[in-house]
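Read the structure below first, then the notes.
One-based numbering, in listed order, for ligands and for the atoms of each.
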Amino acid sequence: MSDAGVLHIKGRVLVGPEDVRDELWVVDGRVTFDRPAADDVRTVSGWVLPGLVDAHCHVGLDAHGAVDEATSEKQALTDRDAGTLLIRDAGSAADTRWIDDREDLPRIIRAGRHIARTRRYIRNYAHEIEPGDLPAYVRAEARRGDGWVKLVGDWIDRERGDLAACWPGDALAEAIAAAHQEGARVTAHCFAAESLPDLLAAGIDCVEHATGLTEELIPQFAERGVAIVPTLVNIATFPKLAAGGEHRFPAWSAHMRRLHERRYDTVAAAHDAGIPVYVGTDAGGSLAHGLVAQEVAELVKAGLSAAEALSAASWGARAWLGRDGLTEGAPADLVVYAEDPRADVRVLADPRLVVLRGRPVG
Ligand SMILES: [Zn+2]
């Protein structure tokens with residue numbers, strides 16, 4: 001499509017779960033519901049969603065740490081072609097700022113680099129520091145990122161042989177206050193329950209994975225509006241991790257298996273209690289990019305309705321991250337499907353057309 005041309009999409013425009021329109025146009029890269037006076041019009045039909053959101057996705061990272069720009073580009077293109085047009089990068093060791101200048105790549109909301117306790121995370125990923133330095137590092141990453149900071153809240157403690165909290169409560173409180181002062185929100189990687197009370201008391205905004213949520217903690221998360229991004233496609237790998245660590249760390253292995261076994265119940269209980277749940281795939285560590293449709297299907301398996309799971313990857317996630325949906329004048333980031341994703345979310349796996357910044361891509 002030339003820049004001068006107009007894209008006309010008709011069928012079912014899913015502006016919100018209940019707000020459905022018959023058509024929209026893309027003019028100069030933006031959405032309009034008013035028919036423009038134009039000759040050069042291309043019409044596409046189908047079901048339209050705002051560009052999907054992957055709220056936990058690492059561009060610029062692989063299993064060994066930072067990757068080069070060519071690899072980062074490939075990752076971002078894979079996400080884009082799967083319909084993910086907005087990424088909340090949950091920590092990256094690479095500087096991906098150059099992607100902002102690329103009109104053909106998804107938009108990224110960065111969290112800077114992961115902040116972890118010394119030798120308590122995957123090698124080459126994080127700033128590895130001690131608690132006394134936490135507030136200063138959090139403030140620095142808040143300034144580097146796009147409104148989020150990523151902590152590693154718990155990890156295996158090899159001496160204990162089990163998952164253990166990484167930070168004392170007072171360091172967390174000071175660090176999270178520093179991020180909030182800088183206008184950034186803070187999220188933390190947490191598998192077990194142990195780290196959650198201190199993070200909650202310190203004012204955490206979101207928890208990644210959140211497999212350790214308990215009956216006691218769930219109402220507290222709900223009351224404070226702390227969101228979770230379960231990354232169920234990642235949690236599916238826990239049994240394999242547990243098998244690998246069985247010999248050296250049997251207690252850790254058993255713990256990981258328990259968290260895995262109750263993963264759907266945990267997400268369902270959190271969702272039922274009113275905790276905001278969002279779609280994240282954790283692509284870029286050991287997982288492939290482009291798994292957004294699978295994660296939406298996993299949330300349905302956990303008990304969210306199709307419309308709720310779609311919202312966790314589109315309408316709701318965009319509102320949470322402060323980005324437009326399909327509103328008049330919004331940037332035209334949208335995905336067209338051949339069938340109704342509300343009837344069956346598996347439709348997301350096969351987009352008919354992906355439109356980014358008003359241009360058909362892929
Ligand atoms: Zn991650």
Review point. Considering only N, O or S atoms, which atom of Asp282 is nearest to the Zn ion (ligand 1)?
Key: OD1

Review point. Hey, are Lys74 and Asp79 close enough for a salt bridge, meaning a charged N less than 4.0 Å from a carboxylate O?
Key: no

Review point. Roughly how far apart are Ile109 CD1 and Cys57 SG, rounded to 0.5 Å?
Key: 12.0 Å

Practice item. Return yes when at least one N/O/S atom of His58 is nearer than 2.8 Å to the Zn ion (ligand 1), and no when none is. Key: yes

Point to revise | Cation-pi, Trp148 ring and Arg88 (6.0 angstrom, 45 degrees) | key: yes

Practice item. Would you verify whether the NZ or CZ of Arg113 falls within 45 degrees of the ring axis of Tyr125 while also being under 6.0 Å from that six-membered ring's centre? Key: no

Practice item. Examine all N, O or S atoms of Glu208, backbone included, and report whether one is under 2.8 Å from the Zn ion (ligand 1). Key: no

